[in-house]
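First listed ligand is number 1; within each ligand, the first listed atom is number 1. Predicted, not measured: the structure shown is a model, and the values here were computed from it.
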Amino acid sequence: MKKTILISGGAGFIGSHVVRRFVNKYPDYHIYNIDVLTYAGNLENLKDVEDYENYTFLRGDITDENFVKTIFNEYKFSSVIHLAAESHVDRSIADPLAFAKTNILGTMVLLNAAKQCWNNSMENKLFYHISTDEVYGTLDSTGLFTEKTPYDPNSPYSASKASSDHFVRAYGETYKLPFIISNCSNNYGSYQFPEKLIPLFINNILNNQSLPVYGDGNYTRDWLYVTDHADAIDLVFHKGKVNDTYNIGGFNEWKNIDLVRLLCRIMDEKLNKSEEKSSKKLITFVKDRPGHDLRYAIDASKVQKELGWNPSVTFEEGLEKTIDWYLGNKEWLEHVISGEYQTYYEKQYNN
Ligand code: NAD
Ligand code: DAU
């Protein structure tokens, strides 16, 4: 069936992979990408699909009620895949209000517009909200987050995402708005902004800059290759149970310090660096992130069993592909680290 889908945040890291997948795989759907293009949004991420007939870019802010209402009235979207957000934990510590505005208010503006537009009939409509495993808080060395784990967010970022999840569910209960939420673990891959651990460290190695590991480096994350997440989003969007939640993860836990050592080893091989000049020598332990969650780990067995999803890319394979992409796209990297990035870097790492 012909669908008109609004994807928010499509010029960002995960959003651009989702847009690319949908416009290529579903020529009968029309994909509208709303993105205000913050520092993290970049139309270069979508160069290969920008001229597709089934794709339209709409520059706009999800917190702008008039703009959002206008585009809903004009294009009559049948579904929303909502990814637009402020997404970096360190920035949320520096500026929590910006996170409340975009992540909470922005989500509510989209929910309101969808509710109004779909008022006559909610049939075949869907508000699919992309969220994070960070809403569950932190784990100690054992256990996994399931869909039943109570929310217990610790950072302004995760608190804002948790709040947005609650609003989505509340609109489902109160106004019968059909929704799905998925909560995913740490993504990595091409087009990720170099403020997040993996691309930041690749960029720093390329520039012979120190690799700032927070605290003792014994924090654990569960890593998923971004196209596997896009694959899961596609499956959940089409086959997921309405008014339900799915956890998505890579079954792939790494302590930060072990991940960084592996990254250094692969980078050394690619850059022909001897042991003496190894990137490992750039590792520097720095002041810890305030409220740093010790461990995230997802139990993704529900999406596996109900929808048949499985990650397809191993970590070693994905990390190598990611490094190759950054090495082959130095121009992209140079563009995104010009301007605002330098000010951010100074503030975050040099004080
Ligand atoms: P990102 O920061 O790379 O991209 C966010 C995009 O949203 C950018 O294109 C930005 O311009 C846009 N945006 C921000 N504020 C906006 C506004 N007010 N109006 C319109 N557009 C706006 O983020 P990402 O890493 O791709 O994450 C996408 C979504 O997935 C987020 O909701 C995030 O919480 C969630 N998520 C991310 C990860 C991860 O590891 N990156 C894991 C789980 C869930
Ligand atoms: O778990 C999903 C979440 O993963 C997403 O919801 C977020 O949008 C995404 O940013 C990510 O959050 P993290 O805080 O886990 O990702 P980040 O890449 O910032 O950090 C990964 C780990 O590496 C974390 O333990 C902090 C550490 N770190 C990070 C940076 C940027 C460092 O040691 N040094 C650094 O300079």
Side-chain angles (χ1 to χ4, degrees), residues 7-19 33-43 45-46 58-64 67-68 81-93 98-99 101-103 105-107 109-110 129-136 138 145 155 157-158 160-161 164-165 182-189 191-201 204 210-224 226 229-230 233 248-249 254-257 259-260 283-289 292-298 336 345 348-349:
I7 297 186
S8 73
F13 164 49
I14 302 172
S16 63
H17 285 278
V18 175
V19 167
N33 168 17
I34 179 179
D35 199 302
V36 76
L37 302 180
T38 65
Y39 76 91
N42 183 356
L43 289 179
N45 299 0
L46 288 166
L58 304 166
R59 185 168 190 179
D61 191 327
I62 57 162
T63 67
D64 180 343
F67 180 75
V68 171
I81 306 180
H82 174 36
L83 297 108
E86 288 293 341
S87 68
H88 190 40
V89 174
D90 293 325
R91 289 186 193 251
S92 82
I93 295 166
F99 282 66
K101 187 173 177 214
T102 296
N103 299 357
L105 189 67
T107 301
V109 168
L110 286 174
H129 179 58
I130 306 301
S131 193
T132 171
D133 60 357
E134 299 200 10
V135 298
Y136 298 121
T138 187
F145 295 135
S155 73
Y157 164 68
S158 52
S160 68
K161 290 296 290 187
S164 66
D165 293 11
S182 58
N183 297 81
C184 188
S185 64
N186 287 61
N187 285 217
Y188 70 102
Y191 300 107
Q192 187 170 32
F193 193 79
E195 62 187 351
K196 310 281 165 60
L197 182 73
I198 292 178
L200 175 78
F201 280 26
N204 283 14
S210 69
L211 306 177
V213 174
Y214 294 157
D216 59 8
N218 283 318
Y219 294 89
T220 300
R221 296 292 182 266
D222 169 0
W223 295 91
L224 179 68
V226 63
H229 188 191
I233 289 174
I248 301 166
W254 284 80
K255 281 196 168 157
N256 292 341
I257 189 62
L259 186 164
V260 171
I283 295 174
T284 315
F285 292 92
V286 300
K287 194 173 78 190
D288 212 347
R289 171 186 279 177
H292 199 167
D293 286 332
L294 178 66
R295 176 172 165 259
Y296 304 143
I298 280 276
V336 302
Y345 201 93
Q348 178 64 23
Y349 295 102

- Message: When you compare ligand 2 with Y219, is there at least one nitrogen or oxygen pair between them that comes in under 3.5 angstrom?
- Response: no

- Message: Is there a polar contact between ligand 2 and T132, counting only N or O atoms under 3.5 Å apart?
- Response: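 In this structure, T132 places an N or O atom under 3.5 Å from an N or O of ligand 2.
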
- Does some non-hydrogen atom of K161 fall short of 4.0 Å from ligand 2? no

- Query: Would Q348 count as a contact of ligand 2 if the rule is a heavy atom under 4.0 Å away?
  - Reply: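 Judged by the 4.0 Å heavy-atom criterion, Q348 does not count as contacting ligand 2.
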
- Query: Counting each atom of ligand 2 from 1 as listed, which ones have a heavy atom of V213 under 4.0 Å away?
  - Reply: 33 (O)

- Task: Go through ligand 2 atom by atom and flag the ones less than 4.0 Å from a non-hydrogen atom of V89.
- Result: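 Heavy-atom distances to V89 below 4.0 Å select 14 (O).
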
- Below 4.0 Å from any atom of ligand 1, is there a heavy atom belonging to S185?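 So S185 counts as touching ligand 1.
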
- Does G60 have a non-hydrogen atom less than 4.0 Å from ligand 1? yes

- Between S87, G249, S160, G189, flag the one that comes closest to atom 23 (O) of ligand 1 by a heavy atom. S87

- Task: Look only at interatomic distance and state if Q192 has a nitrogen or oxygen under 3.5 Å from any nitrogen or oxygen of ligand 1.
- Result: no

- Mind checking whether T63 has an N or O less than 3.5 Å away from an N or O of ligand 1?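 Among all N and O atoms of T63, none is under 3.5 Å from an N or O of ligand 1.
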
- Top protein contact for atom 21 (C) of ligand 2, by heavy-atom distance: L197 CB, 3.9 Å

